[in-house]
Visitor: 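Below is the structure I would like to discuss, written out as structure tokens.
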Amino acid sequence: MSNMSRIQIAPSILAADFTRLGEQISQLDALGIETYHFDVMDGHFVPNISMGIPVLEALRSITKARLDVHLMVSEPERYIQAFANAGADIISIHWEATPNVHRALQMIREAGCKVGLAVNPHTPAFVLRDVITMLDLINVMTVNPGFGGQTFIPSVASKIARLRAMVGDVRQDIDIEADGGVGTETAQSVIQAGANVLVIGTAIFRHPEGLAAGLRAIQQVLASEIV
Ligand code: DX5
Ligand code: ZN
């Protein structure tokens with residue numbers, strides 16, 4: 001059986017051509033994309049600054065797809081409501097970004113969004129144990145957060161497998177997302193470990209033959225994946 005149906009591809013807007021963002025989103029919408037990943041960086045939690053609320057609002061106005069907002073910001077509690085108002089469907093905060101993870105997760109739920117928690121490559125799986133039942137999504141960073149186009153860190157696959165087992169123990173329907181350096185060479189290892197959402201920036205948007213070819217190349221890998 002093919003894995004294609006149970007694996008979601010979430011293109012990462014960070015790698016888009018911002019001079020043609022609307023056009024690229026329409027193109028991907030037409031190719032059946034149902035989730036976009038939106039990276040917010042504050043120059044403090046991570047050493048880079050990306051995009052924020054006005055860009056999310058613009059995106060919300062042009063697509064019906066799910067918007068998966070990844071907050072790579074310190075004290076994310078300060079911004080949850082604003083991103084929910086701007087059109088986020090899912091908000092992920094980082095475990096490393098606040099001492100009040102539980103409160104921040106509650107705030108996401110109260111704001112009416114799906115609840116996500118992201119973990120850096122060095123953060124062990126077990127720290128999620130006492131909040132796992134609050135989650136709809138776990139974002140496992142497969143690069144250090146802060147930049148697109150980085151090299152996938154292979155050792156993170158075993159953490160994905162541990163998290164998939166933890167999710168199975170609480171018998172909840174929680175998505176596990178692999179984020180960073182995912183492409184045709186690395187998709188298979190994260191899927192085999194138990195990820196079911198692939199965040200893909202560079203491999204789609206920067207494909208030498210264009211984003212449709214980039215998406216097709218990933219879909220071919222998924223189609224050939226045997227369970
Ligand atoms: C990295 C971001 C990723 C990034 C993925 O800090 O969280 O979402 O955009 O992009 P690629 O696929 O280029 O690694
Ligand atoms: Zn991300």
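From a predicted model like this one, the values you see are computed outputs, not experimental measurements. Heavy atoms only: backbone and side chains are in, while hydrogens, waters and symmetry mates are out. Every number for a ligand or one of its atoms is a count from 1 in the order of the listing.
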Visitor: Between Asp68, Leu198, Thr35, which is the residue that forms a side-chain contact (heavy atoms from CB on, under 4.5 Å) with Gln8?
Guide: Thr35
Visitor: What is the nearest protein non-hydrogen atom to atom 6 (O) of ligand 1, stated with its residue, atom name and distance?
Guide: Gly146 N, 2.8 Å
Visitor: Any luck finding a side-chain donor-acceptor pair between Thr98 and Glu77 under 3.5 Å?
Guide: yes
Visitor: Roughly how far, to the nearest 0.5 Å, is the OG atom of Ser74 from the CD1 atom of Ile93?
Guide: 11.5 Å
Visitor: So, at under 2.8 Å, which protein N, O or S atoms would a careful student list around the Zn ion (ligand 2)?
Guide: His37 NE2, Asp39 OD1, His70 ND1, Asp179 OD2
Visitor: Just verifying a value: how many Å separate Leu28 CG and Ile204 CD1, rounded to the nearest 0.5 Å?
Guide: 6.5 Å
Visitor: Within the 4.0 Å heavy-atom shell around His70, which atoms of ligand 1 are there?
Guide: 7 (O)
Visitor: Is it the case that the side chains of Asp29 and Thr63 hold a donor-acceptor pair, with the cut-off being a distance below 3.5 Å and no angle test?
Guide: yes
Visitor: Number the atoms of ligand 1 from 1 as they appear, then name those within less than 4.0 Å of a heavy atom of Leu14, with their elements.
Guide: 9 (O)
Visitor: With heavy atoms of Phe147 as the reference, note each atom of ligand 1 found under 4.0 Å away.
Guide: 1 (C), 6 (O)
Visitor: At a non-hydrogen distance cut-off of under 4.0 Å, which region of Asp179 contacts ligand 1 (side chain, backbone, both, or neither)?
Guide: side chain
Visitor: Check each atom of ligand 1 against the heavy atoms of Val199 and keep those under 4.0 Å away; list them by number with element.
Guide: 8 (O)
Visitor: Using a 4.0 Å cut-off to any heavy atom of His37, which atoms of ligand 1 qualify?
Guide: 8 (O)
Visitor: Is Ala15 near ligand 1, meaning one of its heavy atoms is under 4.0 Å from it?
Guide: no
Visitor: Just jot down the ligand 1 atoms closer than 4.0 angstrom to any heavy atom of Ser12, in number order.
Guide: 4 (C), 8 (O), 9 (O)
Visitor: Using side-chain heavy atoms (C-beta onward) and a distance below 4.5 Å, is Phe38 in contact with Val55?
Guide: yes
Visitor: Can you tell me the protein heavy atom closest to atom 12 (O) of ligand 1 and the distance?
Guide: Gly201 N, 2.8 Å
Visitor: Crowded around Glu57 CD? As in, over 12 foreign heavy atoms under 6.0 Å?
Guide: yes
Visitor: Do Asp173 and Val167 have side chains that approach each other closer than 4.5 Å (heavy atoms only, starting at C-beta)?
Guide: no
Visitor: Hey, is Arg60 close enough to Asp89 for a salt bridge, meaning N to O under 4.0 Å?
Guide: yes
Visitor: Would you say Asp39's side chain and His70's backbone share a donor-acceptor pair under 3.5 angstrom?
Guide: no
Visitor: Strictly below 4.0 Å, N to O, side chains only: are Asp17 and Arg206 in salt-bridge contact?
Guide: no
Visitor: Using a 4.0 Å cutoff against the non-hydrogen atoms of Gly180, which atoms of ligand 1 qualify?
Guide: 14 (O)
Visitor: Go through ligand 1 atom by atom and flag the ones less than 4.0 Å from a non-hydrogen atom of Thr202.
Guide: 11 (P), 12 (O), 13 (O)
Visitor: In the structure I gave you, are the side-chain heavy atoms of Glu96 and Val119 within less than 4.5 Å of one another anywhere?
Guide: yes
Visitor: Give me the nearest non-hydrogen protein atom to atom 14 (O) of ligand 1 as residue plus atom name, then the distance to 0.1 Å.
Guide: Gly181 N, 2.8 Å
Visitor: Does one hydrophobic cluster hold both Leu163 and Val131, with members joined at side-chain heavy-atom distances below 4.5 Å?
Guide: yes
Visitor: When you measure from atom 4 (C) of ligand 1 to every protein heavy atom, which one gives the shortest distance, and what is it?
Guide: Asp39 OD2, 3.5 Å
Visitor: Does ligand 1 have any atom that is closer than 4.0 Å to a heavy atom of Arg206?
Guide: no
